[in-house]
Amino acid sequence: MASIQTTPFADQQPGTSGLRKRSTVFQQPHYLENFVQALFDVASLERDTTLVIGGDGRYLNREAVQTILRMAAANGVTRVVVGQHGWLSTPAASHLIRQGAAGGIILSASHNPGGPNGDFGIKYNIGNGGPAPESFTNAVAGRAATLTQYRIADLPIVSLDTIGVQTIDALHIHVVDPVAAYAELMESLFDFAAIRALIASGFRIRFDAMHAITGPYAIEILERRLGAVHGTVINGEPLTDFGGGHPDPNLTYAHALVEELFGDDAPDFGAASDGDGDRNMILGQRFFVTPSDSLAVIAANAKCAPGYARGLTGVARSMPTSRAVDHVARALNIECFETPTGWKFFGNLLDAGRITLCGEESFGTGSDHVREKDGLWAVLFWLNIIAARKQSVEQIVNEHWTKFGRNYYTRYDYEEIPTDAANGLMTHLRDRLPSLVQTPIANRIVTHADDFSYHDPIDGTTSEHQGLRVLLNDGSRIIFRLSGTGTAGATLRLYVESYEIGPSHLARDVQTALKPLVDAALELSELVARTGRTAPTVIT
Ligand code: G1P
Ligand code: ZN
């Protein structure tokens, strides 16, 4: 065992998704080690507890696992569970942690590109399987900024490619199949026999793993266990640079899949997941399901999946997510929580059993089966619903709209705008909010306008300044917030939603339906004058 001098790193403040930086930053001497030592110091794992380790296969994943193993040994850890090849999807890691580990280290920068010029990341999840709370990550950052030495053992390179137990001194290293336990969990939640029958009847699926971590999971579950033909999963081999792509499952980055689903001879169902496997996009034949609608449809049809046959205790969505699921909750007579953006806000509600399902507009959906959002879980839920209802994706969503009404929804992202301009816009709008109440906007009346704050019903904490909301009398909403995950300048997000029930909703184009509200939002915020942007960077 060696004790090595390090330089403290003051820039190691993990965000809600862990510490995310360029790969080159992580390659600075002692950079990773400094952070890992700070993690071990704060986690202060008890003897004979288990630590789970795995990542999404990106550049530096393998090397980082070796470093963490050597440091775990030197820090008195006696049992680690590592995914074969150093791989674990984020939801699979969450599941393994929940099998009795004290915590886990996940190596990923989620949907950010990887490779020598891409990003790398590391985060710590606690014993419930969810991301460590802010108090923990703040303590890690504080520790990382002062730490002058770290402990590392002089171990040989540990073979990560062979499943089995290796014992080196006091450290037992269990290299496990990264997919098996997760696949079992999925099989316990969903009606695999019904999905197998659906596929056997000729239902065609395309799953784009984007050369990220879900490839092995999707091949095992969709092709081997559910009988989809070989080749159903495309880009299924995890690559350290994701094949040069941007592993984010949305209409922009998963465009090849979108083209196939909107083309001639399109499959019946298409889906994709992100770098670490927690996001999902759902497509039908020539049909895109917005993540907000996906959550609502899953909630409305949850009982057809065996793992949810008892019904839902409650649901939650992040504030900017459309209110489609609210209508379902009302019909089911269950609680519906509105939380700030970020998965961590669902943790307490899930742990307390107040909610079963939750989701965000940013392609994240999940349930109480783990404490992370889960891409393949959402895909399997949809397949289970399709198998039970014997309808196409489009028919299911159209019937949903007919029954519950339709929430038209769009998000505009303005990326890399100067921080001062973004802050100025938000301050201007925040100051205007009180004067807007009871005034007309886009032929509607403002009923409420505020800077969203959330009171956690479980731990009593309050989170303020979570986004500016303008609510209108017909159920429409305009929301502005600044992204917490951008790396350059500020990213301003504008979310616009309207609600319609009745026959008119089926045929209308989303952008046309929302144009009056978008125009009103631009005018209220003085966005063009303040940012110089006449168009958003991305429209979803
Ligand atoms: C974005 C999404 C948010 C998600 C987060 C992490 O955060 O909007 O829903 O939880 O990424 O995946 P933002 O950049 O908006 O702060
Ligand atoms: Zn992710």
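Each ligand, and each atom within it, is numbered from 1 in the order the structure gives.
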Atoms of ligand 1 under 4.0 Å from any heavy atom of Gly484, numbered from 1 in the order shown, are 13 (P), 14 (O), 16 (O)
Taking the ring centre of each residue, are Tyr499 and His327 less than 6.0 Å apart? yes
Hey, is ligand 1 close enough to Tyr495 that some N/O pair sits below 3.5 Å? no
So does Arg406 pair up with Asp293, basic N to acidic O under 4.0 Å? no
Quick one: does ligand 1 sit under 4.0 Å from the side chain of Arg411, the backbone, both or neither, non-hydrogen atoms only? side chain
Centre of Phe26's six-membered ring, under 6.0 Å away, within 45 degrees of the axis: is that where NZ or CZ of Arg22 sits? no
Is ligand 1 under 4.0 Å from a heavy atom in the side chain of Ser483, in the backbone, in both, or in neither? both
When you measure from atom 6 (C) of ligand 1 to each heavy atom in Met319, Lys373, Glu360, which option holds the nearest one? Lys373
Any atoms of ligand 1 less than 4.0 Å from a non-hydrogen atom of Ser362? List them with their elements. 2 (C), 3 (C), 4 (C), 8 (O), 9 (O)
Is Arg330 salt-bridged to Asp326, cutoff N-O under 4.0 Å? no
For ligand 1 and His111, I'd like to know whether there is a polar contact (N/O to N/O, distance under 3.5 Å). no
If you measure every N/O of Arg481 against every N/O of ligand 1, is any gap under 3.5 Å? yes
Could you tabulate the donor-acceptor pairs under 3.5 Å formed by side-chain atoms of residues 236-243, not counting sequence neighbours?
{"from": "Asp241", "atom 1": "OD1", "to": "Gly243", "atom 2": "N", "distance (Å)": "2.9"}

Charged N to carboxylate O below 4.0 Å: is that the case for Arg20 and Asp119? no
Protein N/O/S atoms closer than 2.8 Å to the Zn ion (ligand 2), ordered by chain and number, come to Ser110 OG, Asp274 OD2, Asp276 OD1, Asp278 OD1
With atoms numbered from 1 as shown, which atoms in ligand 1 lie under 4.0 angstrom from a non-hydrogen atom of Gly342? 10 (O)
Looking at Arg317 and Glu361, does any basic side-chain N land under 4.0 Å from a carboxylate oxygen? no
Presence of salt bridge, Arg432 and Glu523, under 4.0 angstrom: no
Any Lys/Arg nitrogen of Arg225 or Glu184 sitting under 4.0 Å from an Asp/Glu carboxylate oxygen of the other? yes
Should the pair Asp413-Arg411 be classified as a salt bridge under the 4.0 Å nitrogen-to-oxygen rule? yes
